[in-house]
Amino acid sequence: MLIAKNQEGLLVSALENGLNREKIYRCPGCQGIVMLRQGQVMCPHFAHKSLQGCQFFSENESAQHLSLKAALYQSLDNHGEKVCIEKVIPELGQIADLFVGDSLALEVQCSRLSQKRLRERTLAYHQIGYEVRWLLGEELWLGQRLTDLQRDFLYFTAKIGFHLWELDWKREEIRLKYLIYEDIFGKVHYLTKSWSFTENLMTILRFPYQARKVETYQV
Ligand SMILES: [Zn+2]
């Protein structure tokens, strides 16, 4: 996790400079004590001191997940967006990896989860009037075939048809795979667009609605 409460009860980010390792920080979800950690591979982060279950933050967060969250946060912040990292949403008893403006949650999904869980989480956001965009880490990237789970990550707009979003940690880019079409042999065809994390992420996320002309390709 990248945020914690300091002794004054204020939220601090592990990405800030000058945090004091000796001070006590608490998890904004369960209020348990968390420690500031900094290593060679992982970017600075907080970890629960005791591993008793915290319903909000899982402890086995990967370096990929932490770094992607941090990179997206920095990008949005640099472009002047109102963005929170790891926003606790009490109505849902869960955390949005990133929360932009008043109603958009961004979920950085790096590992498989059950379709049931994915649908529940998406529905829960919708029920309280929030939108959610699932952005997929390497393990979930689209290959030659669509898995059942990947089908649930698909979005659809009239401009670019079925599409999904991927995050590339190493190349520091966000990719859109769109006009996704599955042929009768189950092989998928699509077009790809990528943008660097330094570009305006909100503009990129609007692309499916604002693409100028409808593109086509031959199968
Ligand atoms: Zn906790």
Side-chain angles (χ1 to χ4, degrees), residues 1-5 11 13-15 27-30 43 45-46 54-58 60-62 64-141 149-157 160 162-169 173-178 195 197 199-210:
M1 56 202 276
L2 292 167
I3 52 155
K5 272 189 192 165
L11 285 176
S13 159
L15 307 171
C27 168
C30 70
C43 63
H45 63 282
F46 295 103
C54 167
Q55 85 174 96
F56 292 90
F57 290 94
S58 67
N60 47 10
E61 209 179 350
S62 65
Q64 179 189 195
H65 191 247
L66 279 169
S67 308
L68 283 171
K69 273 195 299 193
L72 295 185
Y73 172 79
Q74 248 134 23
S75 169
L76 287 158
D77 190 52
N78 287 344
H79 284 280
E81 297 292 342
K82 183 178 136 197
V83 56
C84 289
I85 197 162
E86 296 172 354
K87 184 180 164 78
V88 174
I89 300 177
E91 301 98 302
L92 306 188
Q94 67 187 36
I95 303 280
D97 284 335
L98 294 151
F99 196 81
V100 193
D102 299 315
S103 61
L104 177 65
L106 300 180
E107 289 287 349
V108 176
Q109 191 63 35
C110 293
S111 56
R112 278 161 223 284
L113 77 172
S114 73
Q115 281 172 282
K116 180 168 174 282
R117 182 87 189 106
L118 171 61
R119 287 177 189 173
E120 278 169 3
R121 292 199 61 179
T122 301
L123 183 66
Y125 277 124
H126 291 167
Q127 279 173 341
I128 56 171
Y130 295 160
E131 271 298 311
V132 57
R133 288 293 171 279
W134 294 88
L135 313 173
L136 309 182
E138 195 163 353
E139 196 184 337
L140 295 167
W141 289 350
L149 178 59
Q150 282 168 334
R151 280 177 213 281
D152 278 356
F153 286 118
L154 293 178
Y155 294 93
F156 180 88
T157 63
I160 63 162
F162 286 104
H163 56 278
L164 57 71
W165 295 98
E166 296 177 350
L167 295 174
D168 192 322
W169 177 30
E173 61 182 32
I174 178 165
R175 264 195 306 269
L176 175 65
K177 290 185 173 164
Y178 63 108
W195 296 265
F197 285 162
E199 293 186 55
N200 190 330
L201 209 59
M202 288 310 289
T203 308
I204 297 166
L205 290 172
R206 285 185 200 111
F207 179 85
Y209 303 91
Q210 297 178 337

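These numbers come from a predicted model, not from an experiment.
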| If every non-hydrogen atom of W169 is compared with every non-hydrogen atom of L68, which pair is closest and at what distance? | CA-CD2, 3.8 Å
| request: Start with the C-alpha distance between W165 and F153, add both sets of side-chain angles, then the distance that settles side chain to side chain contact (heavy atoms under 4.5 Å, CB included), and finish with yes or no. | output: CA-CA 8 Å; W165 295 98; F153 286 118; over 6 Å; no
| note | When rounded to the nearest 0.5 Å, the distance separating OG of S114 from CD of E120 is 7.0 Å
| field | Nearest-0.5 Å distance that lies between atom OG in S67 and atom CG in L2 | value | 8.5 Å
| query | Is there a donor-acceptor pair closer than 3.5 Å between any side-chain N or O of S75 and the backbone N or O of A71? | reply | no
| query | With distance as the sole test, does Q109 use its side chain to make a donor-acceptor pair with the main-chain N or O of S111 at under 3.5 Å? | reply | yes
| field | CA sep, side-chain torsions, deciding dist, call: D97, H65, side chain to side chain contact (heavy atoms under 4.5 Å, CB included) | value | CA-CA 10 Å; D97 284 335; H65 191 247; 3.2 Å; yes
Scan the side chains in residues 100-108 for donor-acceptor partners under 3.5 Å anywhere in the protein, sequence neighbours excluded, and list what turns up.
unit_1: D102; atom_1: OD1; unit_2: K82; atom_2: NZ; d: 2.7
unit_1: E107; atom_1: OE2; unit_2: R121; atom_2: NH2; d: 2.9
unit_1: E107; atom_1: OE2; unit_2: Y125; atom_2: OH; d: 2.6

| said: Set out, in order, the CA-CA distance, both residues' side-chain angles and the distance that settles side chain to side chain contact (heavy atoms under 4.5 Å, CB included) for L72 and I85, then state yes or no. | reply: CA-CA 9 Å; L72 295 185; I85 197 162; over 6 Å; no
| task | Quick one: closest heavy-atom pair of R119 and D152, and the distance? | result | NE-OD2, 2.8 Å
| field | Residue pair L201 / W195, side-chain heavy-atom distance below 4.5 Å | value | no
| query | To the nearest 0.5 Å, what is the distance between SG (C110) and CG (L135)? | reply | 9.5 Å
Could you list the donor-acceptor pairs under 3.5 angstrom formed between side-chain atoms of residues 202-209 and any protein atom two or more places apart in sequence or on another chain?
unit_1: Y209; atom_1: OH; unit_2: R133; atom_2: NH2; d: 3.0

| said: Just verifying a value: how many Å separate N78 CG and Y73 OH, rounded to the nearest 0.5 Å? | reply: 9.5 Å
| request: Might you point out which heavy atoms bring I3 and S13 nearest each other, and give the distance in Å? | output: CG2-CA, 4.2 Å
| query | Taking Q64 for the side chain and G137 for the main chain, is one N or O donor matched with an acceptor at less than 3.5 Å? | reply | no
| task | Decide yes or no on side chain to side chain contact (heavy atoms under 4.5 Å, CB included) for W141 and D168, but give the supporting numbers first. | result | CA-CA 9 Å; W141 289 350; D168 192 322; 3.5 Å; yes
| query | How long is the gap from CZ on F162 to CZ on R151, to the nearest 0.5 Å? | reply | 10.0 Å
| field | M1 CE to E61 CD distance, which is reported to the nearest 0.5 Å | value | 8.5 Å
| note | Of all heavy-atom pairs linking F57 and G29, the shortest is CE1-N, 4.4 Å
| said: Could you tell me if the side chain of L140 sits less than 4.5 Å from the side chain of W134, heavy atoms only? | reply: no
| task | Give the minimum heavy-atom separation between E81 and N200, together with the two atoms involved. | result | OE2-OD1, 4.0 Å
| field | Residues in salt bridge (charged side-chain N to carboxylate O under 4.0 Å, His left out) contact with E166, at least two apart in sequence or another chain | value | R175, K177
| note | Of all heavy-atom pairs linking V83 and D77, the shortest is CG1-N, 3.9 Å
